[in-house]
Structure formats: C-alpha cells, structure tokens
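This report concerns only the one structure given below.
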There are 2 protein chains.
Amino acid sequence: MPHSEIELTEAEWTIIKAVWEKQPCAAPDIQERLEKKTAWTYSTVRTIMDRMVAKGLLTAEKIRNLTLYRSAVTREQAQRGELAYALKHAFNGALTPMVQCLLDAGDLSADELAKLETLIKEKRKRAKTK
Amino acid sequence: MPHSEIELTEAEWTIIKAVWEKQPCAAPDIQERLEKKTAWTYSTVRTIMDRMVAKGLLTAEKIRNLTLYRSAVTREQAQRGELAYALKHAFNGALTPMVQCLLDAGDLSADELAKLETLIKEKRKRAKTK
DNA sequence: TTGCACTCTCTACATATGTAGAGATACAAC
DNA sequence: GTTGTATCTCTACATATGTAGAGAGTGCAA
C-alpha cells in the first residue's frame, strides 16, 4: 500500500503544474507565472501552497527570508490518483469500460488510435512472457 | 455546447448510483439502501439529495407528503464529466497519454487487452469510412 | 382522539476550499 | 539611520461539503 490516494483540487492542479515546471521555486515565482491565467494575488497563491504542504503535496524549505517549495509527488502519482478516483466512482473499478468511454468520448485521430493499438499489442506480449 | 461540466463529489457519486439503480425513489429508500455502506442518517442523505437538486443533478417531484427523486443526468454524462476533469487537469487535454497511463496502471488481463484491441480496430475502421 | 410510524422541514456546526487584505520583516541602497 | 522593495505572517470571510438533531405534518390503527 503505497500512499493514501492523492487527490488534487482544481486550484491545486494549477499550482502543482507550475511547480513541476521549475522545481525549487518560491511562492512569488509561481504567483507571477500564473497571474495571466488566474489573476490570483500573492496571498492566494501562498495560502494554497502552504495548505498543500500541510497535505503533503509540496515540501517547503525555509532559507532566511525565502521559502523554497518542491513537489512532494510526481506527475505520475498525481495522474494515477486522478484516474483512480474516476475509476472507482464513475466506473466502479472496471477499467475496460473506462477506456472504452475514453475512446468514445474523444476525437482521436487515426494516428493516435494506431499508437494505442501498438501500445496494447506490446502490453499483451509482455503479459504473455511474464 | 451541451452542459457545463458535470462534477460529482464522493458523496454525490454514492447517492446518484443508488438513484440510478431504482429510478423514481424517495429519500428514505436511498438512506436504507446505503445504510450498510455509509451509515448515513436520513438527514444526511436528504440534505445531500436536496443540494443535488439545487445543482441540477437530480430532480424532485413532490406528491403529497412524499418527494420523488430522479436523476437529471445519465450515467454516461456523469462518467464523461469525470473523465473530462481528469483529462483536463492531469493530462492537459491529451487523450493518448491518459489512455496509456490507464493501461500502465491497471492490471488488465490478456482478455481485456484483447477486447480493447478489438475496440480500437473497430474505431479505426469507422474513422476511415467516415 | 389518541398514539404510532413515517416523512418532512429547518437549523446548525465542523471542516475544506477559494480568495485576499493589513501589517511585520529583512535586506539592499542611499 | 532612513527609505524602498521583496517576502513573509496572520487573520478573515464566503461558499462548499459532510454530517446530523429537533421538532412538525400526515395518516392509519386502536
């Protein structure tokens, strides 16, 4: 049992994506970087980030007057968390229908479909040899 | 533009799944049905349901002393909403990586993989003839 | 007409989340 | 020392979400 499910709110996703882009970073950095998109003030960004530290989503290291933040979870972990949530609630844990819905919903190009087909083939091969 | 994204909280998912199982239903029904899983009191269930009506997730029809609820969204709509959320936030809208992650994460049986492969093949065929 | 049994309405409270202002601090430049 | 400027800390408030108790309305059975 690795970690109790990781779940992010919309605001948290916005922040953590910015953190991933430039790892140790200060709150004012993030605030500036997001200003165009979100119009959040420094206080807002800072509050969210500190709450994320409390939740274990970020780490904070204080150096003099500056607080450096880093992500405490990888993008993959966060992605898995999000998928796990959808899988559990919307699809009762059934993976196949979920993938199916995904294929139905999106407009995938022939190229992308081909790529997926390849992926699955490889996966099957690996499953067999295991 | 169909509907502004549908999003459900954990509690709401629990409720709406119960409603889908037995369409017009009263709050006490749902409460009883969920009691084993959730231990929610009648008040709790009722409050959530009424809030869901306010959000347009359920409809309520009052007949004398009884309020009948129905789902205002289909399971498919709700599923799509959930996937759209994950897609947008965790994968920046890129479907292929999302499917990929899904394949990596879950332990799909060879059978299921085969089924998916078939699905994709069909999809490609349809895409071509279109 | 009294009393259950059922369902409802109203109100309440804790925690979570989104959002931000006001004032304190630290450090560099003058 | 005084003044800026960047950064921080604290506090606050609105809305959302989870959770539930107390008491009122309705109708059947005795």
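Fair warning: this is a prediction, and the values are worked out from it, not measured in the lab. Atoms considered below: every heavy atom in the structure, side chains included; atoms not considered: hydrogens, waters and symmetry mates.
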Which residue pairs pass the ring pair (Phe, Tyr, Trp, His ring centres under 6.0 Å) test with at least one member in residues 48-82 of chain B, sequence neighbours excluded?
none
Angle between the two end axes of the helix from C:dT1-D:dA30 to C:dC30-D:dG1, five base pairs per end, rounded to 10 degrees?
30°
Select base, sugar-phosphate, or nothing to describe what A:Thr9 touches, counting heavy atoms under 4.0 Å on all strands.
sugar-phosphate
With a 4.0 angstrom cut-off to heavy atoms of chain A, pull out the first and last contacting nucleotide of DNA chain C, in 5'-to-3' order.
C:dT17 to C:dC27
Any carboxylate oxygen within less than 4.0 angstrom of a Lys/Arg side-chain nitrogen, looking at A:Lys115 and A:Asp111?
no
Filter on salt bridge (Lys or Arg N to Asp or Glu O under 4.0 Å), then keep only pairs touching residues 62-72 of chain B, sequence neighbours left out; what's left?
B:Glu61-B:Arg70
Report the residue (A:Tyr42 or B:Thr67) whose heavy-atom-nearest nucleotide on DNA chain C is the more 5′ of the two.
B:Thr67
Measure from CG on A:Asp50 to P on D:dT9 and round the result to the nearest Å.
7 Å
Evaluate the side chain to side chain donor-acceptor pair (under 3.5 Å) criterion for residues B:Thr44 and B:Thr47: first the C-alpha distance (whole Å), next the side-chain angles of each, then the deciding distance (0.1 Å), finally the verdict.
CA-CA 5 Å; B:Thr44 298; B:Thr47 301; over 6 Å; no
Output all residues satisfying side-chain hydrogen bond (donor to acceptor under 3.5 Å, both in side chains) with B:Gln23, sequence neighbours left out; order by chain, then residue number.
none
Can you name the side-chain hydrogen bond (donor to acceptor under 3.5 Å, both in side chains) partners of A:Thr14, sequence neighbours left out?
none
Rounded distance [0.5 Å steps], NZ in A:Lys17 versus CD1 in A:Ile30:
13.0 Å
Residues two or more places apart in sequence or in another chain: which of them pass side-chain hydrogen bond (donor to acceptor under 3.5 Å, both in side chains) with B:Trp40?
none
Please list all pairs meeting salt bridge (Lys or Arg N to Asp or Glu O under 4.0 Å) that have one or both residues in residues 32-45 of chain A, counting only residues at least two apart or in different chains.
A:Glu21-A:Arg33
Residue pairs meeting salt bridge (Lys or Arg N to Asp or Glu O under 4.0 Å), one or both in residues 85-100 of chain B, sequence neighbours left out, come to A:Glu10-B:Lys88
Pull out every residue in residues 22-33 of chain A that has a heavy atom closer than 4.0 Å to any atom of DNA chain D, ordered by number, or say none.
A:Pro28
Atom CG in A:Leu57, atom CD in A:Glu7: separation rounded to 0.5 Å?
10.5 Å
Could you tell me whether B:Arg80 and B:Glu76 make a salt bridge, using a distance below 4.0 angstrom between a side-chain N and a carboxylate O?
no
With A:Tyr85 via ring-ring contact (aromatic ring centres under 6.0 Å, His included) - residues at least two apart:
A:His89
Could you list all N or O pairs between the protein and nucleotides 26-30 of chain D that sit under 3.5 Å apart?
unit_1: D:dG27; atom_1: OP1; unit_2: B:Arg64; atom_2: NH1; d: 2.7

Want to settle it: does A:Lys62 or B:Thr41 sit nearer the 5' end of DNA chain D, counting the closest nucleotide to each?
A:Lys62
